[in-house]
Amino acid sequence: MYRHVLNRKQLKQWWLRHRLTIKLILGFLLLGILISAGIHYSGLSQYFNLNTLEQFRTQFAENLALNFLLLMILGTAVGLPRQICAFSAGYLFGAMSGIFLATTAAILGCLITIVIARYGLRHLLVPKYQQQVDKIHKLLAHQTFRKTLMVRFIPAGNNFLFNLCAGAAHVPLKPYLLGSYLGYIPQMSIFALMGSGIKMQSSAQFSVSVVLACIAVVIAWSLKSKQ
């Protein structure tokens with residue numbers, strides 16, 4: 001009995017600590033599913049100019065995923081918005097594969113940006129962005145994973161500039177990348193679902209929602225284990 005009460009108290013404490021994060025994750029995923037369904041059933045897809053993506057599919061059909069991944073890694077490394085990457089991946093590969101490819105491309109592009117900023121451009125970045133570099137260093141010097149995760153959940157700010165300043169600030173690399181990868185997933189899911197919603201049949205919507213729900217559980221469990 002006491003063990004049961006203790007478990008309930010621990011569960012309540014855990015929920016109070018993480019409820020905002022979990023609500024953000026589930027809110028992002030629900031929004032993505034609603035956007036996908038809305039695009040599919042409303043006929044809005046006719047207003048999207050998808051000729052460029054179709055040309056890319058035709059030109060690189062033999063190794064489409066590899067060529068897309070390489071292009072998006074380079075693109076996000078030099079400032080391509082990751083939302084464009086996710087939308088394109090969702091359209092070309094479907095929601096599940098699109099989320100994985102887009103998020104992987106974004107994190108590898110992030111890594112390239114950080115390495116270049118840390119070892120090649122620091123002497124140029126620090127004088128120009130001293131205030132931003134100092135703020136990021138102060139923010140991420142401790143509990144890097146948790147703080148990076150929360151920063152990535154917020155769909156605001158310049159991702160490219162943030163990565164440059166983080167590289168110049170010499171933030172701990174592994175927790176920064178892990179926090180970024182997991183933190184990218186909700187927003188990437190929204191735009192990958194937007195892209196896939198143009199072509200996806202309604203019968204696939206349920207499968208996508210189940211997979212994204214599993215992703216949400218994994219992220220929430222990771223937050224719990226890191227506390």
From [X] atom [atom1] to [Y] atom [atom2], the distance as rounded to the nearest 0.5 Å:
X	Y	atom1	atom2	result
Y181	C110	OH	SG	12.5 Å
M72	L69	CE	CG	10.0 Å
C165	Q130	SG	CD	10.0 Å
R152	L182	CZ	CG	11.5 Å
Y176	T148	OH	OG1	6.5 Å
I107	I185	CD1	CD1	10.0 Å

Taking C-beta and beyond as the side chain, do [X] and [Y] meet within less than 4.5 Å on heavy atoms?
X	Y	answer
R57	F68	no
F60	L66	no
M150	R146	no
L101	L92	no
V78	I112	no

Just say parallel, tilted or perpendicular for the rings of Y119 and H170, cut-offs at 30° and 60°.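 Answer is perpendicular, since the angle exceeds 60°.
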Restricting to non-hydrogen atoms, name the atom on [X] and the atom on [Y] that form the minimum distance, rounded to 0.1 Å.
X	Y	value
A105	C85	CB-SG, 4.2 Å
A192	I99	CB-CG1, 3.5 Å
A102	A86	CB-CA, 3.5 Å
L173	R118	CB-NH1, 4.4 Å
A168	A117	N-CB, 4.1 Å

Is a donor on one side and an acceptor on the other found under 3.5 Å between the side chain of T113 and the backbone of A77? yes
T76 and R82 side chains, donor-acceptor separation under 3.5 Å: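 Checked: R82/T76 side chains show no N/O donor-acceptor pair below 3.5 Å.
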Please determine whether the number of non-hydrogen atoms from other residues, nucleotides or ligands lying under 6.0 Å from atom CZ of F100 exceeds 12.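 Result for CZ/F100: open.
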Around atom NE2 of H137, are there more than 12 heavy atoms of other residues, nucleotides or ligands at under 6.0 Å? no
Same cluster (ILVMFWY, side-chain, under 4.5 Å), V115 and L80: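 Linked, V115 and L80 end up in one cluster.
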